[in-house]
Amino acid sequence: MENEPKLPWWIFTIPLLVISSLQNCAHGEPQVPCYFVFGDSLFDNGNNNNLSTLAKANYTPYGVDFSDGPTGRFSNGNNTADVIAKLLGFDDYIPTFNKAIATNNTLRGVNYASASAGIRNESGRLAVGDVIPLDEQLQNHRIVISQITDALGNKDSAMKLLNKCIYTTDMGTNDYTMNYFLHQLYNTSRQFNVHQYATVLIQQYSQQLKSLYDLGARKVAVVGLVQSGCSPNALATYGTNGSSCVEMINNAVQIFNRKLIPLVTKLNANLPGAKFTYINFYQIDAESTQAFRYTRVACCNLSSIGLCDPSTIPCPDRTEYAYYDSAHPTEARALILGGRAYRVQSLTDAFPVDISLLAQL
Ligand SMILES: *[C@@H]1O[C@H](CO)[C@@H](O)[C@H](O)[C@H]1NC(C)=O
Ligand SMILES: *[C@@H]1O[C@H](CO)[C@@H](O)[C@H](O)[C@H]1NC(C)=O
Ligand SMILES: *[C@@H]1O[C@H](CO)[C@@H](O)[C@H](O)[C@H]1NC(C)=O
Ligand SMILES: *[C@@H]1O[C@H](CO)[C@@H](O)[C@H](O)[C@H]1NC(C)=O
Ligand SMILES: *[C@@H]1O[C@H](CO)[C@@H](O)[C@H](O)[C@H]1NC(C)=O
Ligand SMILES: *[C@@H]1O[C@H](CO)[C@@H](O)[C@H](O)[C@H]1NC(C)=O
Ligand SMILES: *[C@@H]1O[C@H](CO)[C@@H](O)[C@H](O)[C@H]1NC(C)=O
């Protein structure tokens, strides 16, 4: 029948969900051959280290609990990308773009994430200096793909590999906190109301995700925006006006988030073989924070821009704090964030599937 509706690819995933939750973590090979990371400071593992920017975390007390010390991760230890990589079965950390290229180590994936970067080129830049916005992260991915193509001998083999990888994209927060709400530096809030702004961001993001698909990505987890109106930084900067968080920010990012499910659905319907999924980080972020004794104060002493003050001593027990600095989770909380992105705890954590299922499709 010509007009018979095609069943969506995820229709058989509920039984899979049960199977996957019964499986034990098998050791050995990872569940997918490669993991590529696009994003901002929640996922950055050192890509900003060599940039002329204030948005860096390659000094103590960052990395205080990390085997390699300070690496550029905005955390005391592992970040969310590390947690997801580990759950996918990777033994090694996913390398930064510079390191992957320099060591010819691109076949298992690359981390392109850059703190303070956004969907829009200008986000972050007027506030902190150089950053790597999503368009440039995609440019870097093209460079990596040419190295992969060289290594595998031809484009077909490269595409076959790229089709099997997991991709996560965590973008958009800085288009709000490092652009729209920085009225002194940016015009966007005078050009667009919050609804218009979410619409233009989603249009641009949609093009960027389409480019990622054109570069061979099929299994893409699109990470929604966290509750950045509840960060110690937002509370200190804007005040709460009687609420427990800065509602102006939370409301704006939720308008963006609500457009991500329709976006993912549209990409899946229009692009053959595409398996985009949405991770509800707003909810996961909000609930994960509640697992900690200190939910609204940073563990480290802060610098004037809300990062950890260099060489000061952080709080003794990092597992009691939701935030390491004024905007970024402790490793203890990244374990929850990455853990629930990988395997849902509540059915509303992901739509249509979590990363553990995406790996199996
Ligand atoms: C860092 O930047 C300097 C100067 O811009 C350059 O010479 C060096 O190769 C860069 N290092 C890496 C690892 O990219
Ligand atoms: C970070 O992840 C690595 C690799 O999974 C693990 O060995 C380590 O214990 C984790 N925690 C810290 C603080 O490094
Ligand atoms: C962002 O910058 C890149 C070059 O760095 C450029 O190719 C791209 O067109 C720019 N995007 C927009 C929307 O201006
Ligand atoms: C990178 O490694 C591959 C093998 O994995 C090799 O074929 C290729 O020549 C290497 N490229 C460079 C620039 O070293
Ligand atoms: C922002 O607004 C100012 C004054 O209205 C104008 O001079 C400037 O060109 C604008 N900048 C951008 C990036 O639109
Ligand atoms: C503060 O809250 C009141 C009542 O909810 C609201 O009318 C007002 O616009 C808020 N002010 C700001 C600056 O958000
Ligand atoms: C951190 O700040 C607290 C309170 O302001 C202060 O008592 C403490 O000495 C600071 N710690 C370091 C290591 O600077």
Side-chain angles (χ1 to χ4, degrees), residues 25-28 30-31 35 37-38 42-47 51-53 57 60-95 97 108-109 111-112 114 116-126 129-143 171-172 174-175 178-179 186-188 191-192 197 199-212 214-215 299-300 314-321 324 328-339 341-342:
C25 223
H27 287 281
Q31 294 139 40
Y35 173 32
V37 181
F38 296 82
L42 289 184
F43 286 74
D44 186 348
N45 64 347
N47 284 298
L51 300 182
S52 165
T53 185
T60 56
Y62 288 107
V64 64
D65 297 314
F66 201 70
S67 49
D68 298 340
T71 55
R73 289 169 172 82
F74 290 76
S75 170
N76 56 308
N78 290 306
N79 68 19
T80 304
D82 299 320
V83 171
I84 293 172
K86 178 79 191 298
L87 289 169
L88 283 168
F90 289 93
D91 290 334
D92 297 335
Y93 294 109
I94 303 296
F97 169 68
R108 290 206 152 195
N111 184 327
Y112 307 100
S114 166
S116 293
I119 291 167
R120 292 167 73 92
N121 278 346
E122 82 270 13
S123 295
R125 281 197 167 138
L126 302 178
D130 208 3
V131 299
I132 312 166
L134 185 51
D135 278 343
E136 266 182 50
Q137 293 184 26
L138 288 164
Q139 227 14 75
N140 290 342
H141 189 46
R142 290 187 182 92
I143 294 168
M171 289 311 269
N174 293 314
D175 296 292
M178 287 279 169
N179 183 331
Y186 289 91
N187 283 352
T188 40
Q191 288 175 284
F192 308 107
Y197 190 60
T199 300
V200 299
L201 285 180
I202 289 286
Q203 278 164 357
Q204 191 171 348
Y205 202 19
S206 170
Q207 288 306 312
Q208 290 161 331
L209 292 172
K210 167 82 168 39
S211 300
L212 185 58
D214 291 338
L215 295 170
C299 160
C300 69
C315 64
D317 188 353
R318 271 74 74 179
T319 63
E320 291 196 321
Y321 286 75
Y324 191 55
H328 304 107
T330 50
E331 173 182 276
R333 192 152 69 89
L335 284 168
I336 304 177
L337 296 170
Y342 179 75

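All ligand and atom numbering here is 1-based and tracks the order in the structure. Residue numbers start at 1 and run along the sequence shown.
Between the side chain of Asp130 and the backbone N or O of Leu51 there is no donor-acceptor pair closer than 3.5 Å. Checking side-chain atoms of Tyr342 against main-chain N and O of Val83 turns up no donor-acceptor pair under 3.5 Å. Put simply, the side chain of Asn179 never gets that close to the backbone of Glu122: no donor and acceptor are under 3.5 Å apart.
Taken from NZ in Lys86 to CD1 in Ile84, the straight-line distance is 13.5 Å, to the nearest 0.5 Å.
Salt-bridge formation is not detected for the pair Asp92/Arg108: no Lys NZ or Arg NE/NH1/NH2 atom is positioned less than 4.0 Å from an Asp or Glu carboxylate oxygen.
With hydrogens left out, the protein atom closest to atom 7 (O) of ligand 2 is Tyr93 OH, 4.7 Å, a heavy atom. Summary of contacts: the protein heavy atom closest to atom 12 (C) of ligand 2 is Glu331 OE1, 3.2 Å. When hydrogens are left out, the protein atom nearest atom 2 (O) of ligand 3 is Asn121 ND2, 2.3 Å; that is the closest non-hydrogen contact.
Less than 4.0 angstrom separates some heavy atom of Asn78 from each of these atoms of ligand 2: 1 (C), 2 (O), 3 (C), 8 (C), 10 (C), 11 (N), 12 (C), 14 (O). Close approach to Lys86 involves these atoms of ligand 2, each under 4.0 Å from a residue heavy atom: 5 (O). Near Phe66, the atoms of ligand 2 lying under 4.0 angstrom from a non-hydrogen atom of the residue are 14 (O).
The one candidate from Phe66, Tyr62, Tyr321, Tyr324 that meets the side chain to side chain contact (heavy atoms under 4.5 Å, CB included) condition with Asn76 is Tyr324.
Residue contacts with ligand 3 for Glu136 involve side-chain atoms from C-beta outward but no N, CA, C or O (heavy atoms, distance under 4.0 Å).
The side-chain tip of Arg73 points at the ring of Tyr93 from less than 6.0 angstrom away and within 45° of straight on.
For atom 9 (O) of ligand 2, no protein heavy-atom neighbour is found at a distance under 4.0 Å. Distances from atom 5 (O) of ligand 3 to the protein include at least one heavy-atom value under 4.0 Å.
Using a 4.0 angstrom heavy-atom cutoff, Gln204 counts as in contact with ligand 3.
Checking only distances, Asp135 does come within under 3.5 Å of ligand 3, N or O to N or O.
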